[in-house]
2 protein chains.
Amino acid sequence: MELVKIYECLCDPTRLRLLNVLAQGPVCVCHFQDVLGEPQVKISKHLAYLRERGLVESERQGNWVIYELAAKPSRELQANLACLQECAQRIPVFKRDLARLKKIEPSCAWVRAGDPGKAPGQCRCG
Amino acid sequence: MELVKIYECLCDPTRLRLLNVLAQGPVCVCHFQDVLGEPQVKISKHLAYLRERGLVESERQGNWVIYELAAKPSRELQANLACLQECAQRIPVFKRDLARLKKIEPSCAWVRAGDPGKAPGQCRCG
DNA sequence: AAACCATATTCTTATGACGGAATATGCTTC
DNA sequence: GAAGCATATTCCGTCATAAGAATATGGTTT
């Protein structure tokens with residue numbers, strides 16, 4: 001059942017935080033590390049988990065890999081992500097993450113603008 | 001995180017089916033067996049799982065045990081159950097279960113009416 | 001109290017998930 | 001092409017879960 005696959009993706013706190021951040025738009029891995037404050041392996045593995053199950057998609061830009069929510073989510077996925085969004089609004093961890101994201105955002109605006117031409121020689125995240 | 005606990009409950013097909021049926025109202029265990037067509041142990045253990053985590057509550061009536069959705073669900077739980085309901089409408093397994101429930105329902109209407117006085121000497125489920 | 005019914009628990013086995021350490025990959029820059 | 005950076009993968013150990021078989025519990029009927 002596809003629904004079960006979705007819920008399996010949602011039953012880990014790190015993945016919920018990743019998805020919450022991604023709801024704001026595309027983000028590169030180094031951002032995630034800074035925003036969540038979790039080690040690289042952990043972030044990378046959970047993103048892979050989400051990618052294999054079709055919740056997110058990734059695209060390489062030079063040294064960095066940009067993740068974003070699936071372009072064509074199923075109805076079920078859409079509904080559940082919306083539900084998560086609604087719940088997350090009231091939960092401290094998620095709010096904190098978004099706050100930290102906002103702080104970092106300006107330095108890497110090119111990622112969210114999807115303008116690889118502006119990509120710098122070094123990642124200025126963090 | 002409470003959200004994670006909820007999603008853990010939702011990431012098993014049997015539990016989703018149980019919750020879908022429960023959305024119609026209180027149901028006794030023997031109904032579940034007939035509606036889902038799954039063995040007794042399986043049903044019982046999944047109901048216990050849901051009970052321990054506060055998604056459902058149970059009440060004994062003679063030989064039978066009646067389960068129902070939590071009386072005071074958290075906002076998060078409410079939101080997610082609503083989301084599940086919405087998704088389930090379009091998924092065959094869930095529709096089939098509800099159809100079978102409707103067939104069985106009349107024979108045990110006392111369960112849903114919550115009128116233990118009318119409880120018969122034997123369960124006529126199935 | 002003995003038989004009986006519906007439900008729950010225990011035991012076992014198999015499987016999958018998570019985390020961390022170490023290592024590998026891919027791309028870029030010098 | 002060597003060094004450097006960001007990200008991914010592999011290899012552990014550990015723990016939670018799921019399923020089925022067998023057995024136990026709690027309540028009822030005779």
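Convention: sequence-line order gives letters A, B, ...; per-chain numbering from 1. Note: hydrogens, waters and symmetry copies are ignored here, and every other heavy atom, side chains too, is used.
dT7(C) atom P lies 13 Å from atom CD of Glu59(B), rounded to whole Å. Rounded to an integer number of Å, the gap from Glu52(B) CD to dA18(D) P is 11 Å. Separating the CG atom of Leu10(B) from the C1' atom of dA18(D) is a distance of 17 Å, rounded to the nearest angstrom. To the nearest angstrom, P of dT7(C) lies 6 Å from CD of Gln33(B). For the pair Trp64(A) CH2 and dC27(C) P, the computed distance is 13 Å after rounding to whole Å.
Expressed to the nearest 0.5 Å, how far CD of Glu68(A) lies from CG of Leu55(A) amounts to 13.5 Å. Note that NZ of Lys42(A) and OG1 of Thr14(A) are 4.0 Å apart. Values are rounded to the nearest 0.5 Å. Atom CD1 of Ile6(A) and atom SG of Cys11(B) lie 12.0 Å apart (nearest 0.5 Å). The distance from atom SG of Cys28(B) to atom CD1 of Ile66(B), rounded to the nearest 0.5 Å, is 5.0 Å. To the nearest 0.5 Å, atom CG of residue Leu50(B) and atom CG of residue Leu22(B) are 8.0 Å apart.
The two atoms that bring Arg17(A) and Leu36(A) nearest to each other are NH2-O, 3.2 Å, heavy atoms only.
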Using a 4.0 Å heavy-atom cut-off to protein, can you give one letter per nucleotide of nucleotides 14-19 of chain C, 5' to 3': B if the base is in contact, S if only the sugar-phosphate is, - if neither?
---SSB
Reading nucleotides 22-27 of chain D from the 5' end, what letters show protein touch, with B for base, S for backbone sugar-phosphate only, - for no heavy atom under 4.0 Å?
----BB
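In terms of position along DNA chain C, the nucleotide closest to Ile43(B) lies nearer the 5' end than the nucleotide closest to the other residue of the pair Ile43(B) and Pro39(A).
Counting only heavy atoms from C-beta outward, the side chains of His31(A) and Asp34(A) never approach each other to under 4.5 Å. For the pair Tyr49(B)/Glu8(B), a side-chain contact is recorded, criterion being any heavy-atom separation below 4.5 Å from C-beta on.
Counting any heavy atom pair closer than 4.0 Å across all strands shown, Phe32(A) reaches no nucleic acid atom.
For the OP1/OP2 pair of dA6(D) and a distance below 4.0 Å, the side-chain nitrogens and oxygens of Tyr67(A) include no atom meeting the criterion.
No cation-pi contact links Arg96(A) to Phe94(A), judged by a cut-off of 6.0 Å to the six-membered ring centre and 45° from its axis.
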